[in-house]
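Have a look at the structure below before the remarks.
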2 protein chains.
Amino acid sequence: MAKTTTPNHAGAARQRGVTMKDVAEHAGVSRTAVSFVLSNRENASISEETRARINEAVQALGYRPNAGARALASQRSDWYGIVTEIVTAPFAVDIIKGAQDQAWLDRRFLLIAPSDQADAVGPNQGLEDAATEKLLEQRVEGLLYAATYHRGVHVPESAKEVPTVLINCFDADGKLPSIVPDERAGGRVAVGRLLQAGHRRIGVINLDPDIPAAVGRLEGAREALAEAGLELDPELVVPGHATADGGYEAACRILDRYPQKDRPTALFCLNDRMAMGAYDAIKERGLTIPGDIAVIGFDNQELIAAYLRPKLTTVALPFEKMGALGVQTLAALTAGQPIIADQQLVDCPLLERSSV
Amino acid sequence: MAKTTTPNHAGAARQRGVTMKDVAEHAGVSRTAVSFVLSNRENASISEETRARINEAVQALGYRPNAGARALASQRSDWYGIVTEIVTAPFAVDIIKGAQDQAWLDRRFLLIAPSDQADAVGPNQGLEDAATEKLLEQRVEGLLYAATYHRGVHVPESAKEVPTVLINCFDADGKLPSIVPDERAGGRVAVGRLLQAGHRRIGVINLDPDIPAAVGRLEGAREALAEAGLELDPELVVPGHATADGGYEAACRILDRYPQKDRPTALFCLNDRMAMGAYDAIKERGLTIPGDIAVIGFDNQELIAAYLRPKLTTVALPFEKMGALGVQTLAALTAGQPIIADQQLVDCPLLERSSV
DNA sequence: CGCGGTGAGTAACGCGCGTTACTAGTGCGT
DNA sequence: ACGCACTAGTAACGCGCGTTACTCACCGCG
C-alpha cells in the first residue's frame with residue numbers, strides 16, 4: 001500500500017498544549033518511555049537515569065496530562081456523576097460535599113448535574129433523564145442519585161447502564177442499593193435524651209405522617225418510651241405543617257390544651273423549622289426554654305439550630321456521611337462487586353446544645 | 001511498507017459501548033457519513049434518505065456520543081470549571097446553581113472542584129492549586145473562582161492559562177475580570193426603604209468595618225440619608241460580631257442607650273444573622289416588630305429571613321445571578337473577546353416581607 | 001465526444017494517550 | 001562458539017471521533 005500524503009490540518013493548536021510527545025523529545029526518549037514513567041508501571045524496566053531525565057522534562061515543560069485522552073485510551077474515566085436537585089434544600093449541598101470529598105480522596109471527579117425538579121409532588125422526569133443522559137455521554141463509571149428529603153424515587157431507565165446508588169432516597173421498585181438515614185434510631189435518641197433529662201410527658205409535633213421520616217422518627221420515639229416503661233400518648237402527637245408557622249400553631253394547640261400541671265414538659269419537633277415556630281409559641285406564653293419546656297428538633301438545619309436562642313438541641317441528618325458512603329459504595333460496585341439492592345442505614349447523631 | 005500484524009487487545013470492551021462505527025454498519029454507510037449527520041454539517045451533501053437511515057440506526061442502537069472522544073478530536077471540551085469552598089456558607093451553592101443552570105443552557109458542563117479553605121484568614125493555597133490543576137487536566141476552557149463572601153483573593157498562577165472570571169470576589173492584583181454585588185446600591189435601597197416608611201432615627205448594626213460589604217453598605221446608607229437631607233449619626237452605628245449573638249448584643253446596646261423618645265425606630269442590620277439576634281433583643285424588651293422598631297437585614301439568608309417571626313425584610317445578595325453572569329462572561333471570553341479586567345456590579349434587590 | 005461541475009459519499013489522518021509486541025544490547029553458563 | 005535470560009527501551013496499534021482530501025457516478029454543454 002502506497003504511503004498516502006498527509007493532509008495539512010489548518011494550524012489547529014490554538015492553545016499551547018504540552019503533550020507526552022514534547023516531553024519525550026525534550027528528554028530524548030520515546031513517548032512510550034514517558035508513558036511508562038508517568039503511570040509508574042511496575043514491570044517498567046526504565047533506568048533510574050532516564051526516569052530522572054523524563055521527570056525533569058515534565059517539570060521543565062510544565063506537562064499536564066490530558067484526562068480526556070487518558071480516559072479514551074484506558075477505557076476508564078475515573079468519573080462519577082451525581083444528579084440532584086441542587087436548588088431547594090441546602091441539604092443536597094451537604095450530600096454533594098460528602099461525595100465530592102470522598103471522590104477527591106479516591107482521585108476521582110464528581111460531575112454534578114441538576115435535575116431541578118419543580119416541587120415535591122413529582123420529579124421532573126424530562127430534566128432528570130436529560131441530566132442522566134448527559135452524564136452518560138461523559139462516560140461516568142457510576143451514578144449517584146440524591147434527594148433532598150428521604151423518599152421513594154423513580155430512576156431513569158438509562159441509569160441502569162452503570163452502577164447506581166441512591167442517597168437519601170430509595171428505589172420505589174427496590175432494585176437499586178440505597179443509603180438513607182436511620183430515622184428510627186434518630187427518634188429513639190431524641191426522645192431518649194428527653195427521658196434522660198427527667199421528662200415524662202412529651203409532646204410530639206409531627207410531620208406529614210406518611211413520609212418515611214415521620215414514620216421512622218415516631219416509631220423511634222415509641223421505642224424509647226417503651227424502654228422507659230411508658231407509652232406514646234396519641235393525644236400528645238399533634239400534626240403540623242413542616243414550616244415554622246406550622247410548628248408555631250401546633251405548639252400553641254398542645255400548650256393551650258392542658259392546665260399547667262398536665263402540660264407536657266418537653267416537645268419533640270420532628271424538624272427544626274417547626275421547632276423554630278415552637279420557640280415563639282413558648283416564649284409568647286412567658287415560658288422559658290428549657291426551664292419550663294424543653295425542645296428537641298430534628299435535621300440540624302445549621303442556620304436555624306445554631307442561631308436560635310437558646311441554641312437548639314437536635315438530631316442531625318448525616319448528609320455528608322451519606323454522600324461519602326455513596327461514593328464508597330459506588331467504588332465497590334465499579335470495582336466489580338455484584339450489585340445488591342440493599343439499604344444502608346446511617347446513624348443520626350444527637351447534637352447537644354441548650355434547649356434540653 | 002508491509003502490513004503489520006494487528007496485536008490482539010485483551011477483550012477490553014468490558015462495557016457495551018455503541019460507537020459511530022456500529023451505527024455506520026447498521027445503516028450501511030461510512031462512519032464519516034454518520035459523523036456528518038450527527039454534527040449537522042451545513043455543506044454535508046448527504047441525501048435525505050441516508051440521513052433518515054442513519055438517524056434510525058442511532059435510535060435503534062441507542063447510540064450515545066462519547067463526549068471525551070469528541071473533545072479530543074475537536075480540541076474543545078465544552079467544559080468550564082469552578083473552584084469554590086463548597087463547605088461553609090450556603091451562599092456558594094447559589095452561585096453554583098446560577099452558573100450550572102447557565103452552563104446547562106449553553107450546553108456546557110460545569111466541573112466543580114472544592115478548595116475547602118479552613119477559615120477566612122487565608123485561602124488554603126495548596127488545595128486551591130491542586131483543584132485548579134485537576135480542572136486544567138480535564139482541559140476546561142475557562143475557570144470560575146467563587147468566594148462565599150465578598151473579598152479580595154489571590155488566584156493560583158496556573159489559572160492564568162485559560163480565561164478566568166471571579167465571582168463574589170476580586171483579584172487583589174486587579175488583573176482578572178470579576179463579578180461582585182453592588183453593596184452600595186443595596187445599602188441605599190435598605191435605608192431608603194426605612195426612610196420611606198417614615199423612620200428618621202435609624203440605628204445601624206455594622207459588620208467588621210474593613211470588609212467590602214461593610215464599606216459598601218454603609219456608604220449606601222449614608223447616600224440614602226443624604227438624599228433625604230439627613231446625616232448618618234456615628235453614634236447610631238454600632239459594631240457587632242457577624243453572628244446572632246453579636247446582633248443581639250449590639251441591639252441591646254443601642255436600644256438601652258437612649259430614653260424612649262430618642263430611641264431609633266428602625267434598625268439596619270448589615271446581615272441577617274445579626275438581625276436574628278436583634279429580634280430577640282427587641283422582643284425581650286416588650287417591643288414589637290415592626291410596630292415599635294422596624295428591622296431590615298441584608299443577605300437574604302433564606303432559612304433565617306423567611307422563618308423569623310415576623311418574616312424579615314432584607315436585601316438579597318444576587319448569588320444566582322452572579323453565577324449565571326460569570327458563565328456568560330466566560331463564554332464571551334472563550335469566544336475570543338479580549339480579557340478586560342473590569343468589575344461588573346450586580347444589583348441587590350430588596351425583598352419586602354413583614355419587618356418594616 | 002470530451003470536459004467541467006455537481007451531488008453523494010468515502011478513505012485516511014490525527015487528537016493524546018495506554019498498551020502490547022517487538023528489538024537491541026549485555027552478561028552468563030556450557 | 002552458542003543459547004538463554006535479562007535489562008532498556010521502542011514501534012505500532014487503537015480508543016471514538018472531527019475533519020480534510022479524495023473518488024465516483026451522473027448531468028448538461030459545446
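FYI, side chains are in, hydrogens and waters are out, and symmetry mates aren't considered; it's all heavy atoms of this structure. Because the structure is a prediction, the values reported are computed rather than measured. Naming: A, B, ... by sequence-line order, numbering from 1 per chain.
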Quick tally for nucleotides 6-11 of chain D: nucleotides whose base has a protein heavy atom under 4.0 Å get B, sugar-phosphate-only ones S, the rest -, giving --BBBB

Between B:Pro65 and B:Arg70, what is the shortest heavy-atom contact and its length?
CB-NH2, 3.2 Å

Interatomic distance where NZ belongs to B:Lys21 and P belongs to D:dG18 [whole Å]:
16 Å

Nearest-Å distance, CG (A:Leu72) to P (D:dC15)?
9 Å

Does the pair A:Glu56 and A:Arg51 meet the rule for a salt bridge (Lys or Arg N to Asp or Glu O under 4.0 Å), with working shown?
CA-CA 9 Å; A:Glu56 277 167 28; A:Arg51 186 182 301 273; over 6 Å; no

Salt bridge between B:Glu48 and B:Arg53, side-chain N to carboxylate O under 4.0 Å?
no

Report yes if at least one side-chain N or O of B:Arg41 is closer than 4.0 Å to OP1 or OP2 of C:dG9; otherwise report no.
no

Does a side-chain N-to-carboxylate-O contact under 4.0 Å join B:Arg108 and B:Glu141?
yes

As a test of reading the structure: which of D:dG18, D:dG14, C:dT19 is closest to the side chain of B:Met20, going by heavy atoms?
D:dG18

Can you see whether A:Gln344 engages A:Thr329 through a side-chain donor-acceptor pair at a distance of less than 3.5 angstrom?
yes

Measure CZ/B:Arg139 against P/C:dG16 and give the value in whole Å, please.
8 Å

Below 3.5 Å is the cut-off: list the nitrogen or oxygen pairs between protein and nucleotides 23-26 of chain D, distance only.
none

Rounded to the Å, how far apart are B:Asn43 CG and C:dG9 P?
15 Å

What is the distance, rounded to the nearest whole Å, between atom CG of B:Asp78 and atom C1' of D:dC17?
14 Å

A:Glu25 CD - C:dG16 P separation (whole Å)
12 Å

Backbone N/O of A:Gly98 and side chain of A:Asp101: donor-acceptor pair under 3.5 Å:
no

Round to the nearest Å and state the distance from B:Tyr63 atom OH to D:dC17 atom C1'.
7 Å

Do B:Ser47 and B:Thr50 meet the criterion of a side-chain donor-acceptor pair at a distance under 3.5 Å?
yes

Report the distance from atom CD of A:Glu137 to atom P of D:dG16, rounded to the nearest whole Å.
15 Å

So which heavy atom on B:Thr132 is nearest to which on B:Pro156, and how close?
OG1-CG, 3.5 Å

A:Lys160 atom NZ, over 12 foreign heavy atoms within 6.0 Å:
yes

